Amino acid sequence: MLIDGTILRLQVVLRENLKTIVRFILPFGTPKENLLVVLQKEAPKISTAYTAVGIDVLKQVNLLCLRETDLFQLAMPSPDIAALSRSYWIKYDGTVIFGDDIRSIIPLHKNPHRLLAYHYDHIYASRHRILHYLIQHRYQELVVGLHHNRLLLMCTALLQQRTWRVYPETVIPQFIEMFPDEELAHNLRRFRDLQGRNSDLHPCTEEAALKSVWLFEGFIRRLRELSQ
Amino acid sequence: MSEPLLYVEYVNNFVRIISRLGDAVNMVLLYGSVRRNDIRPGTSDLIDAVVVLSSEIFLDEDRFCHTLRVMTESCVAMSSSGLPFHPFHYIEASTNGWSTVPIYLPAWTSEEHSQVLLGSDQRGELHSSDTEYEFMQGWYFTLSHSIFRRAASPPSDKDKTAFISSLIHSMRDLPQFACLACRHSVDRRNAFQEIRHILPDVDTNMLDILFAMTTKPTVDLHPEAAHNLIVSMVTFTEHLCQLTSRWIQEH
């Protein structure tokens, strides 16, 4: 219903400038529902698509509007780490719900082995956020956030081998299968134990939060060694 | 004590606390407005700094946790100042130097924009994996589209000033991100000039307006003027996005 209404609005507002709409999912994205709106190369504005849809829909559907000449942007890495595999999901799993089928011309990143290095740099540049959580005593949120970041790191490591069909429920076994390393497995077990100890009765302590940061760093270090 | 001196006092206290970590710290680097002696009280962040830690810290759980505790303590001291504050960066020094995303390279490697407060000068060892600036290109387009999303629904008249203020906060980085997307490494302030050379068709009038707005608080505007300004800001973002995209495809 939401998607149907959105398509109608885009058709009415964009008219002959609208070339294609592709619906796709990003399992680690927020929201998971995505629309790629492709405009003709002569289209005067792309911001019109966002205005046409409106902020209420944009909270529920992640919309990305590009001219057909700018599709190269889909394969570019960025701090939106959940979208690193986006071009694969569009190309191989997306559904064309309006207009021409442009999936065959969706570009993929030429050197996926570089993505992990970019991801490391992004993590190194984001460590100040850890201090932010620690000074505010938001220990449980920190542990949850590090867990999510670890899963994203696994996704990027898998993507490096062009394994892109990865879901939150499957990423850990897929990762272990591709990286059968005892140190990584031990690290994962320790982190899982740490998470298991936190509950409403036993809220996360500063000590547990610091340990989770330590385990996160250890995970990165070992993965970096294995993937070099 | 005047506010600029208060900033300096808190920075000195930060260094005192961090120095307790001894040889765990290779370098403490200061950058941003305090380094440039360009403090705007109430607006400038208390500290823009990066602490480069010895790689050995990352091999010893007890030392690592102790280091995190001390760094947290220094942040708690600064956050109690009442001045605008965000935690500093910390990075591991490895045998290959230290690595980060290219956005920080201009400030962190420049004598003019940064100053070593503690330890030895390791600025020459900083590098980025993103040697082709493709991560920065992706980041630039992500930022542009986030501005389109935010501007998708105009705010009510009474919220327009706050909305413009938050939009400026996002857009102040656009010229620097556009420069980096065009593989020109430049800091945020100089980017407002540099982008005119890289993309000669950029709207220089809007660039001047944006620069002026980043250096002073947003004033209350008549609703119609506020609406026109928001439209101009989105149009500028869109045009810059188009020019940058074309530059990337031609180079």
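In the text below, chain A, chain B and the rest are named by the order of the sequence lines, each starting its count at 1. Quick caveat: nothing in here was measured; it's all calculated off a predicted structure. The analysis underlying the following values was restricted to heavy atoms, covering all of them including side chains, and did not include hydrogens, waters or symmetry mates.
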Using non-hydrogen atoms and a 4.5 Å limit, figure out which bit of [X] sits close to chain A: side chain, backbone, both or neither.
| X | value |
| --- | --- |
| B/Asp60 | backbone |
| B/Phe58 | both |
| B/Thr142 | side chain |
| B/Ile248 | side chain |
| B/Phe88 | both |
| B/Ser144 | neither |

Could you grab the distance from atom [atom1] of [X] to atom [atom2] of [Y], nearest 0.5 Å is fine?
| X | Y | atom1 | atom2 | value |
| --- | --- | --- | --- | --- |
| A/Lys45 | B/Phe148 | NZ | CZ | 9.5 Å |
| B/Arg149 | A/Cys65 | CZ | SG | 10.5 Å |
| A/Leu210 | B/His66 | CG | NE2 | 11.5 Å |
| B/Phe85 | A/His132 | CZ | NE2 | 9.5 Å |
| A/Asn111 | B/Glu132 | CG | CD | 8.5 Å |
| B/Met78 | A/Ile135 | CE | CD1 | 8.5 Å |

**Most chain B-contacting option - heavy-atom pairs closer than 4.5 Å, from A/Ile123, A/Asp80, A/Leu64** =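 The residue among A/Ile123, A/Asp80, A/Leu64 with the greatest pair count is A/Leu64.
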**Item:** Max heavy-atom pair count under 4.5 Å with chain B, selected residue of A/Thr48, A/Leu134, A/Val53, A/Leu74
**Value:**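 If we count pairs closer than 4.5 Å to chain B, A/Leu134 comes out on top.
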In terms of heavy-atom proximity below 4.5 Å to chain B, should [X] be classed as side chain, backbone, both, or neither?
| X | value |
| --- | --- |
| A/Ile130 | side chain |
| A/Gln136 | neither |
| A/Asn62 | side chain |
| A/Leu66 | side chain |
| A/Leu58 | side chain |
| A/Arg127 | both |
| A/Arg129 | neither |
| A/Val213 | both |
| A/Tyr124 | both |

**Item:** For A/Asp121 against B/Thr100, the heavy-atom pair lying closest together
**Value:**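 Where A/Asp121 meets B/Thr100 most closely, the heavy atoms are OD2-O, 3.1 Å.
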Measure the shortest side-chain to side-chain distance between [X] and [Y] over non-hydrogen atoms and say whether it is less than 4.5 angstrom.
| X | Y | result |
| --- | --- | --- |
| A/Tyr50 | B/Val234 | no |
| B/Gln137 | A/Gln73 | no |
| B/Phe141 | A/Asp70 | no |
| A/His128 | B/Val50 | no |
| B/Phe135 | A/Pro79 | yes |
| B/Ser129 | A/Arg114 | no |
| A/Ile46 | B/His145 | yes |

**Request:** Indicate yes or no for a side-chain donor-acceptor contact from B/Glu61 to the backbone of A/Lys211 under 3.5 Å, with no hydrogens or angles considered.
**Result:**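 Judged by distance alone, no pair lies under 3.5 Å.
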**Backbone N/O of A/Ala125 and side chain of B/His89: donor-acceptor pair under 3.5 Å** =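 Yes, B/His89 side chain to A/Ala125 backbone: donor-acceptor pair under 3.5 Å.
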State whether the number of non-hydrogen atoms from other residues, nucleotides or ligands found under 6.0 Å of [X] atom [atom1] is greater than 12.
| X | atom1 | answer |
| --- | --- | --- |
| B/Glu73 | CD | yes |
| B/His169 | NE2 | no |
| B/Glu224 | CD | no |
| A/Glu225 | CD | yes |

Mind ranking [options] by heavy-atom pairs under 4.5 Å with chain A and telling me who comes out on top?
| options | result |
| --- | --- |
| B/Ala151, B/Ser79, B/Ser99 | B/Ser99 |
| B/Gln242, B/Arg150, B/His86, B/His239 | B/Gln242 |
| B/Arg69, B/Met71, B/Met136, B/Arg246 | B/Arg69 |

